[in-house]
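Here is the structure we will look at, set down as structure tokens.
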Amino acid sequence: MATDRLRVAIFSDSALPILNGVSVSLDVLIDELRHQGHSVHLFTARYPGYRDPDPNTYRCRAIETPISRGYPVSYPPFYRMLQKFRRHEFDVIHTQTPFFLGMVGFRWAESHGLPIVSTYHTLYDRYSHYFKLLPHRYVRFRIAKHTNFYYNHMDHVITPSEASLKWLRRHSVTTPITVIPTGIPKGQMIARADARQSLGISPDDRIMLYVGRLAKEKNLSVLLEMASLVFGEDRRYRLWLVGDGPFRDECVAMARRLGIGDQVRFVGAVPRPEVDRFYAASDLFVFSSITETQGLVVQEAMTYGIPAIAVAGGGASASILDGVNGFIVKNDPNAFAQMALSVLQNDVLHARLSEQAIRSVRNQGVAQMCDAIVGVYRGVIERNLELTKYASYAGVEARD
């Protein structure tokens, strides 16, 4: 059975060209599943102006809302997508989000008698501030209730870190859960000198890099305040932010208010393959978010030997071995800045952290991640077959 080709239907509200942890890890998983000989069909939301290179991607109608700028939200009816779904036979459904298309995948798994797996990627209650017309406490309560309902109706849940596992258990999710960190693709062979030259970085500049959405929940005020303190020590230091989002204008305004506009660069959204150039050109990865379940970008940076400093909390800091491949600091700009300076001003320390950063992600490969996920698939498929046989047997017994 281990060599059987699986037919997998994946449902996700977030997929490329959207750039976030969900879409990137999903893209990595689909590529590796196909590399291992499995068949994958993706059901996701339509993105304006984007044409899929993948014929096995099906997109349903979607619309941007005031609280989902850059993230089109799918809406019913889903009849056309259901017709496309029924043209194929699937062994398992894997959802990546618990909301719109996650619910579609859940209902179709029920109606078609298919086993269902879901990956819990995000601490969703930390995003309650987007619902501005409702009290945050109420929104967080409703998110927690839905999380409990949804994941307790799965056959198995996958999550990338112990932090997210604890969150699910704390919210009374009793479904079997397996922690499977997202695999890190091997970085492109990009020479540091070439990357810096192509980006116009002076040989004397030291680049602190942030990669991710510019959003309120990413705790970016702490990041910018930290940068202000670091810049006060040496004008050669720079902070580059790769990514875009609804909090960009506020971040730009804060950089101006702090008087650090000359040393901060808002790069904006960058195509996924181009992000590697920024990793290769940087000196230190800095991450302030405490809402991540894993913090995939921290590990991506380490594939290029970039030490990382992250604020404690969430799953991002779990990627860091404190004092080995980076440092974990409390959620305070002064502590953050002090640690950043200790790394940037000490070449011996930086070299040691850089070497260990590469070593620490060496065994977090995509193939290992995919093998573990396929193991989960096979487990739920086997259990579903056993339940089906039992139900059939029980039906015969009842008739007799």
Side-chain angles (χ1 to χ4, degrees), residues 1-12 14-16 19-42 44 54 56 91-97 102 115-122 151 154-165 168 175-188 211 272-273 275-276 279 292-304 308 314-321 325 357-381:
M1 182 176 179
T3 59
D4 292 346
R5 178 176 184 258
L6 296 180
R7 299 162 298 182
V8 185
I10 295 181
F11 290 77
S12 179
S14 184
L16 296 179
L19 278 180
N20 58 25
V22 176
S23 62
V24 170
S25 61
L26 175 58
D27 187 56
V28 168
L29 173 61
I30 291 174
D31 281 349
E32 184 60 25
L33 282 170
R34 288 173 174 165
H35 178 73
Q36 294 190 9
H38 305 293
S39 175
V40 184
H41 293 251
L42 172 63
T44 189
D54 177 13
N56 280 4
D91 299 305
V92 64
I93 287 178
H94 187 175
T95 66
Q96 304 292 320
T97 48
I116 183 167
V117 173
S118 187
T119 296
Y120 178 71
H121 286 280
T122 306
Y151 292 106
M154 299 294 106
D155 294 310
H156 204 108
V157 176
I158 295 169
T159 195
S161 69
E162 291 293 333
S164 49
L165 168 65
L168 288 168
T175 300
I177 302 174
T178 300
V179 175
I180 304 177
T182 302
I184 310 301
K186 290 183 178 179
Q188 301 178 44
V211 175
R272 179 70 190 83
V275 176
D276 286 9
Y279 288 135
E292 312 300 311
T293 55
Q294 181 180 11
L296 185 60
V297 289
V298 174
Q299 294 163 302
E300 288 179 349
M302 288 184 182
T303 65
Y304 285 92
S317 58
S319 304
I320 297 175
L321 302 173
N325 57 10
I358 295 173
R359 289 183 177 180
S360 65
V361 296
R362 190 170 289 162
N363 295 323
Q364 297 182 20
V366 173
Q368 293 93 324
M369 172 200 72
C370 190
D371 289 343
I373 291 176
V374 168
V376 171
Y377 290 166
R378 296 195 187 281
V380 297
I381 291 169

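Residues: numbered from 1 along the sequence shown. It should be emphasised that the depicted structure is a prediction, and the values quoted were computed from it without experimental measurement. Side chains included, hydrogens not; waters and symmetry mates left out as well; all remaining heavy atoms used.
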Closest contact, heavy atoms only, [X] versus [Y]:
X    : Y    : result
C370 : E32  : CB-CG, 3.3 Å
M369 : L29  : CE-CA, 4.0 Å
L42  : A15  : CD2-CB, 4.1 Å
P160 : Q294 : CB-OE1, 3.3 Å
T303 : I358 : O-CG1, 4.4 Å
L26  : S14  : CD2-O, 3.8 Å

Let me confirm one number: the [atom1]-[atom2] distance from [X] to [Y], rounded to the nearest 0.5 Å.
X    : Y    : atom1 : atom2 : value
N20  : S25  : CG    : OG    : 8.0 Å
D91  : R378 : CG    : CZ    : 9.0 Å
L16  : D27  : CG    : CG    : 4.5 Å
E300 : S319 : CD    : OG    : 10.5 Å
I30  : H38  : CD1   : NE2   : 13.5 Å
L33  : I373 : CG    : CD1   : 7.0 Å

Distance-only, no hydrogens or angles: does the [X] side chain make a donor-acceptor pair with backbone N or O of [Y] under 3.5 Å?
X    : Y    : value
R272 : V24  : no
S12  : Q96  : no
T95  : F11  : no
Y377 : G379 : no
R7   : S39  : no
D155 : V117 : no

* Asked: Do any pairs count as a salt bridge (Lys or Arg N to Asp or Glu O under 4.0 Å) and have a residue in residues 363-373, sequence neighbours left out, and if so which ones?
  ->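 Qualifying pairs: none.
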* To do: Report yes if some heavy atom in the side chain of V211 is under 4.5 Å from a heavy atom in the side chain of Y279; otherwise report no.
  =>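 With C-beta onward as the side chain, the pair touches.
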Under 3.5 Å, is there a donor on one side chain and an acceptor on the other for [X] and [Y]?
X    : Y    : answer
T119 : H94  : yes
Y304 : D276 : yes
T159 : S164 : yes

* Would you mind telling me which of V28, T182, V22 makes a side chain to side chain contact (heavy atoms under 4.5 Å, CB included) with L296? =>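 Going through V28, T182, V22 one by one, the side chain to side chain contact (heavy atoms under 4.5 Å, CB included) with L296 is satisfied by T182 alone.
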* **side chain to side chain contact (heavy atoms under 4.5 Å, CB included) evaluation trace for H35 with V366** => CA-CA 11 Å; H35 178 73; V366 173; over 6 Å; no
